[in-house]
There are 2 protein chains.
Amino acid sequence: MLNPTVVSHTTVRRSNRTPVAAPRTSTRCSVCAMRHLCMPQGLTLDDLPKLEALICSARSVRRGEAVYRAGDAFDNLYVARSGSLKTVMAHRDGREQVTGLRLAGDPLGIDGISTGFHTCSAVALEDSSVCIIPYSALKHLCRETGAMQDRLHRLMSEQLIRESSQMMVLGSLSADERVAAFLLDVSERNGQRGYSHAEFNLRMTREDMGSYLGMTLETVSRTLSRFQKRGLIDAQGKLIRIIDLEGLRHL
Amino acid sequence: MLNPTVVSHTTVRRSNRTPVAAPRTSTRCSVCAMRHLCMPQGLTLDDLPKLEALICSARSVRRGEAVYRAGDAFDNLYVARSGSLKTVMAHRDGREQVTGLRLAGDPLGIDGISTGFHTCSAVALEDSSVCIIPYSALKHLCRETGAMQDRLHRLMSEQLIRESSQMMVLGSLSADERVAAFLLDVSERNGQRGYSHAEFNLRMTREDMGSYLGMTLETVSRTLSRFQKRGLIDAQGKLIRIIDLEGLRHL
DNA sequence: CGTGGCGTTGATAGTGTTCAAAATTGGTGG
DNA sequence: CCACCAATTTTGAACACTATCAACGCCACG
């Protein structure tokens with residue numbers, strides 16, 4: 001289960017307190033990170049060198065910084081490498097909504113393919129890093145390597161399913177159910193990455209959560225407090241421990 | 001503007017009244033329909049024969065019938081050819097939510113790529129037809145033809161943007177704003193297909209609309225009535241005429 | 001040791017839901 | 001072609017849930 005190549009959350013947290021001079025400019029992505037995060041399953045050994053040539057760099061992003069902003073020209077796809085980010089979309093009247101939470105291994109920037117410009121922004125929730133994948137090179141590789149093509153298609157399709165699910169959360173669930181669904185989603189994704197299902201550091205603010213879940217920050221806060229009183233979770237600010245997973249599932 | 005190859009809505013409506021014996025089994029998709037709906041822009045003439053071989057059939061779907069259902073094995077992508085369909089996702093407790101409205105030219109089934117099974121259902125809102133595109137053959141073609149690869153990627157990315165936008169509608173807008181946004185969206189998409197921006201036959205029920213917009217059918221009905229009283233629209237059941245487009249845009 | 005961002009909690013108001021009933025529509029079969 | 005019946009739509013009234021406004025506490029940071 002545990003994936004030792006993924007940068008641990010604790011490491012990231014520590015680096016927030018004592019900010020080691022992280023390379024701000026592009027750095028070579030380690031093959032090990034690539035194997036597990038950027039390119040994943042299904043490639044033969046023959047394909048590895050091609051991929052190495054493709055994913056040529058990584059980029060550090062400070063908390064609050066954007067990997068790309070809505071309106072930016074689209075050239076690269078990204079894959080979250082460490083840390084976490086949110087995607088944000090803006091209405092014409094200025095209202096903003098958080099449309100996604102991206103953890104290590106999640107793709108970023110697919111929205112730019114259709115028009116050549118990004119329609120949402122990707123902002124780091126903590127000091128993070130992303131792999132940079134030049135789209136033109138990726139396209140080329142996908143035409144050579146069926147496994148890579150499959151991988152890309154699956155990534156896009158997964159993203160689509162994730163957004164559909166979130167549409168259902170927003171359209172059909174009550175406030176309690178939304179918060180519970182969100183906590184369970186983060187719990188599961190944390191587990192998939194080899195971390196604890198039960199305890200995690202949610203770097204979103206209550207306002208971000210509210211925006212993502214279609215409710216106000218006050219309602220998020222109240223809901224979490226109520227969950228805590230009921231013995232479902234233990235929340236100390238951003239640090240959240242799930243006590244009664246089944247209880248959350250049943251509402 | 002007007003695209004003469006698209007099957008007109010009135011034709012479809014008439015066929016509802018006097019159901020001409022439509023071929024229920026697979027029929028060869030006309031090249032003309034393919035050119036404009038299934039495969040579109042950016043292919044060279046060399047690519048046409050390849051595409052013809054690929055999109056080998058169409059399928060008629062009666063109102064209420066499903067092109068595919070959640071849980072079905074994924075083999076084909078589809079493109080709406082005439083009529084309109086809704087995509088529906090189900091919660092484990094049985095609650096259903098409409099996640100999309102697909103008009104002629106819109107793709108269907110992309111959600112199946114990631115797991116090999118469809119996660120939502122596609123149900124015809126009126127007697128409709130869809131082009132069938134075997135996914136394995138499409139993948140193969142995409143590796144031969146860059147234009148086809150681009151087209152597929154853009155289609156998926158567009159879908160992603162559409163869903164993000166809907167997330168924002170569900171998460172940030174009031175009931176009035178949601179209904180207005182929906183009407184404007186349908187109006188625009190109708191216009192893009194060569195039909196009237198101002199008048200269209202919305203085959204969704206008030207319940208479908210409510211589900212899609214995250215509100216009850218009663219609220220949808222009330223909102224439409226209020227819009228009518230304010231002189232923004234003229235709604236006679238499913239037939240909707242937009243009177244004050246700017247008024248709708250400004251809320 | 002302020003200061004500002006973030007989180008919690010309370011009181012009140014508003015928006016949309018729920019329940020109910022009547023009106024209308026449209027598809028089906030005679 | 002018409003009549004009927006079920007599905008859909010509309011409208012009303014009471015209620016529930018969540019938003020809003022406001023005050024306060026906490027912590028990290030300069």
Side-chain angles (χ1 to χ4, degrees), chain A residues 13-19 62-64 86 95 97-98 123 125-127 169-180 201-229 233-240 251, chain B residues 12-19 62-65 86 95 97-98 123-127 169-180 182 201-229 233-240 251:
Chain A
R13 227 186 304 155
R14 181 149 41 79
S15 84
N16 275 354
R17 294 203 185 106
T18 49
R62 283 284 179 79
R63 182 163 71 90
K86 63 177 175 183
R95 275 179 288 188
Q97 165 134 3
V98 174
V123 178
L125 293 168
E126 60 191 300
D127 293 358
V169 167
L170 290 169
S172 305
L173 304 191
S174 69
D176 280 14
E177 292 172 319
R178 291 181 203 193
V179 174
N201 209 318
L202 242 189
R203 312 304 286 228
M204 282 180 153
T205 65
R206 299 291 186 257
E207 186 170 15
D208 284 334
M209 280 192 246
S211 173
Y212 182 55
L213 297 175
M215 49 208 259
T216 58
L217 65 96
E218 291 96 329
T219 302
V220 172
S221 178
R222 269 187 258 271
T223 304
L224 289 173
S225 298
R226 206 156 0 91
F227 283 0
Q228 182 146 2
K229 280 189 195 108
I233 65 170
D234 181 39
Q236 308 270 336
K238 297 199 192 322
L239 186 67
I240 290 178
L251 251 154
Chain B
V12 172
R13 230 185 301 153
R14 182 151 39 80
S15 83
N16 276 352
R17 295 205 185 103
T18 48
R62 283 283 179 80
R63 183 165 69 91
E65 262 190 328
K86 64 178 174 182
R95 273 179 291 188
Q97 164 135 4
V98 174
V123 177
L125 292 169
E126 59 191 300
D127 293 358
V169 166
L170 291 169
S172 304
L173 304 191
S174 70
D176 281 14
E177 292 172 319
R178 290 181 204 193
V179 173
F182 178 61
N201 207 318
L202 242 188
R203 314 303 287 227
M204 281 179 153
T205 65
R206 299 290 186 260
E207 186 170 16
D208 284 335
M209 279 192 247
S211 173
Y212 183 54
L213 297 175
M215 49 208 256
T216 60
L217 65 96
E218 291 96 330
T219 303
V220 173
S221 178
R222 269 187 259 271
T223 305
L224 289 173
S225 298
R226 206 154 3 88
F227 282 1
Q228 182 147 359
K229 280 190 194 108
I233 65 169
D234 180 39
Q236 309 270 335
K238 297 199 192 325
L239 186 67
I240 290 178
L251 245 153

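Naming convention: chains lettered A, B, ... in sequence-line order (proteins, then strands); numbering from 1 in each chain. Atoms considered below: every heavy atom in the structure, side chains included; atoms not considered: hydrogens, waters and symmetry mates.
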Within this structure, what is the [atom1]-to-[atom2] distance between [X] and [N], rounded to whole angstrom?
X	N	atom1	atom2	answer
A/R95	D/dA19	CZ	C1'	14 Å
B/L202	D/dT8	CG	P	15 Å
A/L213	D/dA19	CG	P	11 Å
A/R203	D/dA28	CZ	P	12 Å

For each nucleotide in nucleotides 5-18 of chain C, reading 5' to 3', give B when a protein heavy atom comes within less than 4.0 Å of its base, S when such contact involves only the sugar-phosphate, and - otherwise. -SSBBBB----SBB

Could you walk me through whether A/M215 and A/V179 pass side-chain contact (heavy atoms from CB on, under 4.5 Å), step by step? CA-CA 10 Å; A/M215 49 208 259; A/V179 174; 3.4 Å; yes

Applying side-chain contact (heavy atoms from CB on, under 4.5 Å), run through B/E207 and B/V220 and close with a yes or a no. CA-CA 8 Å; B/E207 186 170 16; B/V220 173; over 6 Å; no

Considering residues at least two apart in sequence or located in another chain, which fulfil the salt bridge (Lys or Arg N to Asp or Glu O under 4.0 Å) criterion with B/D234?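 Partners of B/D234 under the salt bridge (Lys or Arg N to Asp or Glu O under 4.0 Å) test: B/R241.
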
A/Y212: what forms a ring pair (Phe, Tyr, Trp, His ring centres under 6.0 Å) with it, not counting sequence neighbours?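 Testing A/Y212 for ring pair (Phe, Tyr, Trp, His ring centres under 6.0 Å), a comparison that skips the adjacent residues, returns A/F182.
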
Pairing residues for A/R95 by the side-chain contact (heavy atoms from CB on, under 4.5 Å) criterion, not counting sequence neighbours: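 Once residues adjacent in sequence are excluded, the partners of A/R95 under the side-chain contact (heavy atoms from CB on, under 4.5 Å) criterion are A/H91, A/D93, B/L173, B/E177.
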
If the condition is side-chain contact (heavy atoms from CB on, under 4.5 Å), which residues does B/E218 pass it with, not counting sequence neighbours?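 B/E218: side-chain contact (heavy atoms from CB on, under 4.5 Å) contacts with B/T216, B/R222.
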
Under the side-chain contact (heavy atoms from CB on, under 4.5 Å) criterion, do B/M209 and B/L202 qualify, and how do the steps go? CA-CA 10 Å; B/M209 279 192 247; B/L202 242 188; 4.0 Å; yes

Degree of bending in the helix from C/dC1-D/dG30 to C/dG30-D/dC1 once both end axes are built from five pairs, to 10°: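 Axis-to-axis angle, ends of the helix: 50°.
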
Partners passing side-chain hydrogen bond (donor to acceptor under 3.5 Å, both in side chains) against A/S221 (at least two apart in sequence or in another chain):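 Scan of A/S221 (side-chain hydrogen bond (donor to acceptor under 3.5 Å, both in side chains), adjacent residues dropped) gives none.
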
